[in-house]
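Remarks on the structure that follows.
Numbering of ligands and ligand atoms starts at 1, following listing order.
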Amino acid sequence: LPHKTITPIAKDAPVPVAGVMNGSTKTIEEMAGNWEAFSFSAIRESQVSRAMTSRYFADLNDYAESDIVIVGAGSCGLSTAYCLAKARSDLKIAIIEAGVAPGGGAWLGGQLFSAMVMRKPADAFLREIGVPYEEEGAFVVVKHAALFTSTILSKVLSFPNVKLFNATSVEDLITRPADAQGGVRIAGVVTNWTLVAMHHDDQSCMDPNTINAPVIISTTGHDGPFGAFSVKRLVSMQQLGALGGMRGLDMNTAENAIVKRTREIVPGLIVGGMELSEVDGANRMGPTFGAMALSGVKAAEEALKIFDV
Ligand code: AHZ
């Protein structure tokens, strides 16, 4: 094919508006069957770069001082973010998620099965976010876990006071002396791109970045390559004696315990979801997610107590 020269667009070319095609507002239906005449609005590549980087770096600048940082965007972290952002539009909430895909273990119900089980009374949370379910007596069933996760994600990301930094890991906690006995208060998080964090052993000079915040909520799940991050760090910095270690599966005991024990573990650091099982030696619950949603509700409540004093 002959090379086609594309005339560069002037530097100050207007940024095309979503839904506007070749200067005319067309609907999807109007486009259908008319593909010969179809063309995207012209663009210069740098406009795409700047549309992304200008926003990302403005957010990075803005959220360097946040009100709340949520570490981990699994079912508990996302439930926490939803409650906080809904209750307080004045608080700046940063979510740091190590994975590219937020959602943690909540894209499937258990093993590789689609349906997600929530024990009552966590069905209240599903009604709150508008996820349909089937009644099964003591519990309800969402037809696909991804319906829960995609719905809560879309709600959380729609709040103007929430920024999700995914593919970003919390590598450490920022601390301040809290007393004369060596106690600390948590005052922020130390972050890095996850791909960088994974290469500290074979690359040099990869210092991290920081976010200051008076309240950190850690929901990094049970122990694993990334899991239980904050509580393991509290042990190595001698703010927790030893971890209790997650115990075997007992749905009835585990779900009540996780919700009830969701709390501020050291000043400035609230822990929720399965990360808590490692602190207290609580049982795991396996594939039932009600405790994750309600631990999120409680973590938000605990955080707001700090802002309300
Ligand atoms: O990628 C992790 C996941 O998305 C993220 N994460 C972990 N360490 C991180 C770090 N920085 C940033 N250092 C980090 N992000 O945290 C998220 C944890 O999500 P999860 O789904 O693993 O935990 P959860 O407590 O929200 O939900 C637990 C769900 C489980 S586990 C379980 C069992 O094993 O019995 N049962 C249920 C319902």
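- Considering both main-chain and side-chain atoms, V71 never comes within under 3.5 Å of ligand 1 through any nitrogen or oxygen pair.
- At under 3.5 Å, not a single nitrogen or oxygen of A106, backbone or side chain, sits near a nitrogen or oxygen of ligand 1.
- No more than 12 heavy atoms of other residues, nucleotides or ligands lie within 6.0 Å of CE in M198, so this atom counts as exposed by the packing criterion.
- Both the sub-6.0 Å distance and the 45° axial angle are not jointly satisfied by K155 relative to the ring of F159.
- Residue P287 has no N or O atom closer than 3.5 Å to an N or O atom of ligand 1.
- With respect to E301 and K298, no salt bridge is recorded, no charged nitrogen being found less than 4.0 Å from a carboxylate O.
- Contacts between T219 and ligand 1, counted as non-hydrogen atom pairs separated by less than 4.0 Å, involve the backbone only.
- When only modelled atom types and interatomic distance are considered, R119 and N256 share no side-chain donor-acceptor pair under 3.5 Å.
- Contact check on D123 versus R127 returns a salt bridge, with a Lys/Arg side-chain nitrogen under 4.0 Å from an Asp/Glu carboxylate oxygen.
- Under 4.0 Å from ligand 1, heavy atoms of M274 appear from its side chain as well as its backbone.
- The shortest N or O to N or O distance between A98 and ligand 1 is below 3.5 Å.
- The existence of a salt bridge linking K86 and E128 is confirmed by a sub-4.0 Å separation between a basic side-chain nitrogen and an acidic carboxylate oxygen.
- When the options K232, E97, M116 are ranked by their closest heavy atom to atom 17 (C) of ligand 1, first place goes to E97.
- Comparing G286, G105, G104, G77 against atom 37 (C) of ligand 1, the shortest heavy-atom distance belongs to G286.
- Atom numbering of ligand 1 starts at 1 in the shown order; those under 4.0 Å from a heavy atom of G273 are 25 (O).
- For the residue pair S230 and R233, no side-chain donor N or O sits within less than 3.5 Å of a side-chain acceptor on the partner.
- Close N/O approach between H222 and ligand 1 is found [any backbone or side-chain N/O within under 3.5 Å].
- Here the shortest heavy-atom distance to atom 9 (C) of ligand 1, taken over T288, I258, T220, belongs to T220.
- A donor and an acceptor atom, one from each side chain of T191 and T168, are nowhere located under 3.5 Å apart.
- Of all atoms in ligand 1, listed by their number and element, those nearer than 4.0 Å to a heavy atom of C76 are 26 (O).
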